[in-house]
Amino acid sequence: MRKTLLSVVACLLSVVSSLAQIRYNQVGCYPTQEKVIVVEGTNPEGKVRVRTPKGKVLTPSVMREAVSPWSGKTRYIVDLGQLSATGHYQVSVGDQQCDLLVAKRPYQDIAKASLRLFYLIRSGIAIEQGGAYNRPVGHPDTHVLVHPSAATDHRPAGTAISSPYGWYDAGDYNKYVVNSAFSIGLMFAAYEQQRGYFNKLNTDIPESGNHTPDLLDEMMFNLKWLLTMQDPDDGGVYHKLTTPNFEGFVMPADCHQPRYVVAKSVTATLDFAGVMADAARLFAPCQKDYPDFVTQATEAAERAYQWAKEHPTAFYRQEQLKDPSVSTGTYGDGNARDEFFWASSALYRLTRKAVYLEDARQYQSQRFSTPSWGNVSALGTFEWMADDELRATDDGLLMQTQVLAYCEDAVKEVGTSCFQSPFGNNPRNFGWGCLAENCCCQAFVLLYADLLTGTTKYRRYALQNADYLLGRNATGYCYVTGFGDKSPMHPHHRISEADQVEAPFPGMLVGGPNPGQQDKRDMKAAVYPSNYPDESYIDNMESYASNEIAINWNASLVAFLCYLDALKM
Ligand code: 9MR
């Protein structure tokens with residue numbers, strides 16, 4: 001009888017413990033970073049064991065519980081303690097185990113991979129330094145047609161122009177000015193506050209041996225393309241370079257649809273002006289490698305801005321395009337105030353012309369918001385924060401207060417959150433591209449705020465978002481390809497799907513949980529496993545709304561992870 005009871009209890013215990021799931025940062029932690037795991041499924045009190053690299057066994061307790069406001073699931077938050085010696089820690093809860101790495105530079109490899117990804121997605125050249133990911137040239141874009149929506153007397157519809165290079169935007173093969181300019185702008189903002197770090201960062205690209213930092217070389221590959229998107233006759237900038245419809249899942253060299261430049265837009269033109277002004281300023285020390293660029297970029301930026309002033313309501317309206325109609329990404333935006341703010345601020349920093357300062361003052365925002373392709377006002381604020389003269393003005397001081405108010409608001413729910421992180425506590429945190437636009441960008445701003453004010457106040461919270469991103473979350477995914485023990489294998493990324501390599505390109509951040517599920521009706525086989533905001537994710541190549549990759553998302557990953565790696569704490 002006793003034996004039977006014992007075996008029933010043992011059996012029950014094993015069921016309970018096998019339900020326990022450990023959510024943890026699968027990439028690694030700094031020695032002085034907080035080491036928290038989250039256990040789901042069963043209360044692990046008394047069952048958590050940590051074997052240190054020296055073989056000592058620790059028995060940490062549950063710090064608190066939190067119930068998910070939308071799924072009702074209970075999460076147990078366990079602080080493992082300091083664990084400050086470097087090495088591998090074996091953490092177990094019942095029969096579940098994981099390996100937590102503590103290292104001096106835990107984010108070094110993943111930070112580098114996040115930037116190197118941009119090399120792998122270069123268009124118009126053969127990839128020859130990509131190892132298993134080498135591929136022949138595709139999309140030369142030396143014969144791109146002017147779409148009727150972009151026609152002028154000088155360039156009637158059907159005129160062929162050359163518009164090579166640049167990065168592919170995302171899972172698709174098109175090149176979009178709004179997103180390209182934003183991505184570079186964000187990485188420039190990161191670069192400006194951490195030049196020492198970036199000047200040493202080597203991403204093994206063809207330009208690594210020149211005199212320019214690799215980050216700037218990589219940006220130049222896309223800037224060269226951006227310059228071709230400006231109409232030389234009037235200074236306006238085409239909204240995008242695109243095929244009429246998305247290509248199939250084939251390699252670049254196998255794509256043969258005609259490519260077009262389509263309508264000029266005020267948002268693309270202002271983003272172009274902002275990023276060219278930044279580039280003209282930041283490439284000034286790189287004349288050896290890029291002798292004519294500063295003059296060219298300065299002129300291009302000023303002309304673009306002028307065009308935008310003359311066409312303030314030229315918003316991109318894809319539904320109006322015909323002969324052919326176009327169904328690819330829109331990057332549509334009906335408000336250009338934030339783009340005016342960024343572009344005029346960047347142009348003022350470059351030229352010190354009063355007219356740009358007047359405009360920047362007029363267009364500045366009332367509050368700081370997370371940088372995104374659709375709202376670039378943060379990039380304008382970063383211009384003010386990085387410029388000694390602007391930062392010290394009344395407006396500059398006000399903007400600094402707004403950044404700090406944003407940070408305070410971001411961290412206020414950490415103590416009651418399910419995953420001990422600023423990101424992920426509100427259903428609105430989740431959506432298309434949320435891991436970049438909300439998680440990484442928020443963390444980047446927290447680290448940026450520390451640099452700005454000379455404190456270390458917010459780094460703890462930024463690191464918590466890293467924990468979330470890299471595995472301490474509701475799905476248990478480390479959302480960056482090639483890192484962690486459970487990471488996306490089937491991103492919505494044409495090259496990764498069509499090449500003969502099983503693993504996707506490393507260093508790609510997927511969009512992440514998206515309860516909007518806008519792709520649901522297009523998915524033939526895949527089915528979302530859950531409708532809960534933070535679990536609405538599927539690692540399937542059909543899922544463009546939760547599992548795509550994109551340059552703006554990887555730009556936020558670069559900004560965030562490189563700052564983390566630069567902390568060296
Ligand atoms: O990142 C964009 C997201 O904010 C939008 O909600 C979504 C739908 O318009 O489009 C996303 O951008 C896509 C672009 O339009 C085309 N290339 C792939 C991009 C990532 O999904």
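All ligand and atom numbering here is 1-based and tracks the order in the structure.
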Worksheet item: Roughly how far, to the nearest 0.5 Å, is the CH2 atom of W225 from the OG atom of S163?
Response: 6.5 Å
Worksheet entry | Which of the ligand 1 atoms, numbered from 1, are nearer than 4.0 Å to a heavy atom of Y176 | 16 (C)
When the ring planes of [X] and [Y] are compared, do they come out parallel, tilted or perpendicular, using 30° and 60° as the limits?
X	Y	answer
Y173	H139	tilted
H239	Y316	parallel
Y331	Y176	perpendicular

Residue, atom name and distance, where the atom is the protein heavy atom closest to [atom]:
atom	result
atom 12 (O) of ligand 1	Y331 OH, 3.3 Å
atom 18 (C) of ligand 1	E548 OE2, 3.1 Å
atom 9 (O) of ligand 1	T330 OG1, 4.3 Å
atom 15 (O) of ligand 1	G329 CA, 3.2 Å

Worksheet item: Among W553, Y173, W373, whose heavy atom sits nearest atom 3 (C) of ligand 1?
Response: W373
Item to complete: Between N514, D169, N547, flag the one that comes closest to atom 17 (N) of ligand 1 by a heavy atom.
Response: D169
Worksheet item: Passes side chain to side chain contact (heavy atoms under 4.5 Å, CB included), E548 versus D519? Steps please.
Response: CA-CA 11 Å; E548 191 165 355; D519 47 4; over 6 Å; no
Worksheet item: For Y532, does its backbone N or O pair with a side-chain atom of S536 as donor and acceptor, under 3.5 Å?
Response: no
Discussion item. Could you check whether atom CD of E502 has more than 12 heavy atoms from other residues, nucleotides or ligands sitting under 6.0 Å from it?
Written reply: no
Discussion item. Quick check: W432 and ligand 1, any N/O pair under 3.5 Å apart?
Written reply: yes
Discussion item. With nothing but distance in play, are any N or O atoms of D172 less than 3.5 Å from an N or O of ligand 1?
Written reply: yes
